[in-house]
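As the structure lists them, so they are numbered: ligands from 1, and atoms in each ligand from 1.
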Amino acid sequence: MLILGIDTSCDDTAAAVVRDGVRIVSNIVSNQTDIHRKYGGIVPELASRRHIEMILPVVDEALKGAGAGLEDISAVAVCHGPGLIGSLLVGCSFAKALCFSKNIPLLAVNHLEGHIFSCFLEEPRPEFPFISLIASGGHTSLYRVNEFGKYRELGRTRDDASGEAYDKVSKLLGLGYPGGPVIDKLAAEGNPEAIDFPRPYLPESFDFSFSGLKTAVLHYLKSESKCQSIKDSKLQNFKNSDTLTLGHSDTMIRDIAASFQACMVDVLVRKTEWAIRKEGIRRVTLSGGVSANSELRKRMKEMGDERETEIFIPSINLCTDNAAMIASAGYYHFLHKDFAGIEMNPKAYLPL
Ligand code: KG4
Ligand code: ZN
């Protein structure tokens, strides 16, 4: 069974075709980073406009890549929230129009459920139940996943999401948007023990809080000399983390990146470890854009080895937003006959 997935929840226009919920046949993502980079973050109105331009060519490319026509598609799964409402509206209106005009069943998928199911698109696949850490630009939550549709949130961020903290610290350092990939790269060459930033563990809770960590970086940078070093830094004008060249004068920025990342990774790994112990479950999935982070992937696997726990982390292109994960979750909605009607509307706030 082929399902066409569509996700326009944030700044990526994504469409994919997935067979039987687990096999990716095509997976297309049109990224808007170049549009938003000069503003230092996503501009919602520009995101919606770009989705309108891209939705048709991206869906077309996904179908062509799959060698499929609409007549081969058993259902269309679309992300209906949470996300930017103007962005979500583009994908949902498109999917509804397609389904209504071609008489195809429609499936509404929560974006977070999609991130959880990104771990089903590669082998080995987790068995239920498992602990799921979703760490992205908009969310950071720990779930106990008992089976499809049975998700218990163990904890969530009380303020900034982990990816948001990466993006804000990157902005403070003049490294541009998105912050995760460039901080990941710089951190690998810095000293993670150079600066003792706070590790917000919030004892007795599975909740997270990252705004204090970001503020600690801000305070650290407040002295004039440090600001001047950032202004002088060669890193200021880079356009793309792949073309970044480092000079000796950038040691301070590398050390801040490494020290900030060490705190972030310590907290994410430690909380996941607590969840394993408390829930008595030895399977963990990691998903969302921050799970592309090289140090987090490494440390989570090391923790899994120590705790004899299976750790499932998708390939990088499935960690960040994509529509294959929406199609995968949509397949399970289909099996449960959980179809959406033409009256379905997206929601910016949509708990799992
Ligand atoms: O899941 P995603 O693509 O979109 C949301 O649903 O939010 O996540 C995007 C976030 C951004 O904040 C970005 O900076 C972060 O994921 N990110 C990373 C890395 N790659 C992307 N964070 C840390 N390390 C990375 N390598
Ligand atoms: Zn996401």
Side-chain angles (χ1 to χ4, degrees), residues 5-14 16 27 29-33 36-37 40-42 44 47 79-84 87-88 91 109-119 132-141 156-157 160-173 175-188 190 210 213-214 240-242 244 257-258 260-269 285-300 313-326 328-329 348-350 352:
I6 295 175
D7 187 300
T8 60
S9 56
C10 194
D11 62 334
D12 291 320
T13 317
N27 190 17
V29 179
S30 166
N31 185 277
Q32 302 183 0
T33 310
H36 302 286
R37 182 177 282 127
I42 297 164
C79 166
H80 68 133
L84 299 171
S87 292
L88 288 163
V109 174
N110 184 304
H111 185 75
L112 299 173
E113 187 178 45
H115 272 306
I116 293 175
F117 277 82
S118 62
C119 298
S132 183
L133 172 65
I134 303 177
S136 73
H139 301 88
T140 299
S141 296
R156 61 157 69 191
T157 183
D160 290 351
S162 47
E164 190 179 356
Y166 266 98
D167 295 337
K168 286 179 175 169
V169 166
S170 174
K171 201 168 179 180
L172 290 174
L173 295 173
L175 298 172
Y177 173 85
V182 63
I183 291 186
D184 191 355
K185 184 165 182 165
L186 292 177
F210 296 115
L213 174 56
K214 164 205 68 193
N240 178 331
S241 58
D242 294 341
L244 191 61
F260 160 79
Q261 180 161 286
C263 295
M264 179 64 79
V265 171
D266 278 353
V267 172
L268 293 173
V269 172
T285 66
L286 177 57
S287 54
V290 177
S291 55
N293 186 268
S294 51
E295 184 66 14
L296 180 62
R297 297 168 81 91
K298 180 172 140 252
R299 289 274 309 283
M300 200 63 93
I313 314 176
S315 303
I316 308 273
N317 66 325
L318 296 175
C319 289
T320 45
D321 285 351
N322 65 86
M325 66 185 198
I326 302 297
S328 174
Y349 175 72
L350 185 67
L352 190 56

Side chain of [X], backbone of [Y]: donor and acceptor closer than 3.5 Å?
{"X": "Asn322", "Y": "Leu318", "answer": "yes"}
{"X": "Gln32", "Y": "Ala47", "answer": "yes"}
{"X": "Asn110", "Y": "Cys79", "answer": "no"}

Classify the contact between [X] and ligand 1 as side chain, backbone, both or neither, using a heavy-atom distance cut-off of under 4.0 Å.
{"X": "Asp321", "answer": "both"}
{"X": "Asp184", "answer": "side chain"}
{"X": "His139", "answer": "neither"}

Test of proximity, [X] against ligand 1: N or O pairs below 3.5 Å:
{"X": "Gly137", "answer": "yes"}
{"X": "Ser294", "answer": "no"}
{"X": "Gly288", "answer": "no"}
{"X": "Asn293", "answer": "yes"}
{"X": "Thr320", "answer": "no"}

Worksheet item: Counting only protein N/O/S, how many atoms fall short of 2.8 Å from the Zn ion (ligand 2)?
Response: 3
Discussion item. Any heavy atom of Gln261 closer to ligand 1 than 4.0 angstrom?
Written reply: no
Worksheet item: Would you say Gly179 contacts ligand 1, with heavy atoms under 4.0 Å as the rule?
Response: yes
Worksheet item: Heavy-atom distance to atom 18 (C) of ligand 1: which of Cys319, Gly180, Gly83 wins?
Response: Gly180
Practice prompt. Could you tell me which residues satisfy ring pair (Phe, Tyr, Trp, His ring centres under 6.0 Å) with His111, sequence neighbours excluded, listed by chain and number?
Written response: His115
Worksheet item: What residues form a side chain to side chain contact (heavy atoms under 4.5 Å, CB included) with Pro178, not counting sequence neighbours?
Response: Thr33, Asp167, Pro181
Item to complete: Can you sort out the partners of Lys298 under side chain to side chain contact (heavy atoms under 4.5 Å, CB included), two or more places apart, ordered by chain and number?
Response: Glu295, Glu302
Discussion item. Give me the residue, atom name and distance of the protein heavy atom closest to atom 1 (O) of ligand 1.
Written reply: Gly289 N, 2.9 Å
Item to complete: Run the numbers on Thr285 and Ser132 for side-chain hydrogen bond (donor to acceptor under 3.5 Å, both in side chains), then give the verdict.
Response: CA-CA 5 Å; Thr285 66; Ser132 183; 3.0 Å; yes
Discussion item. I'd like to know whether Leu88 forms a side-chain contact (heavy atoms from CB on, under 4.5 Å) with Leu84, so could you lay out the CA-CA distance, the side-chain angles of the two residues, the decisive distance to 0.1 Å, and finally the verdict.
Written reply: CA-CA 6 Å; Leu88 288 163; Leu84 299 171; 5.9 Å; no
Fill in: Per-atom contacts, ligand 1 versus Val290 - under 4.0 Å to a heavy atom
16 (O), 18 (C), 22 (N)
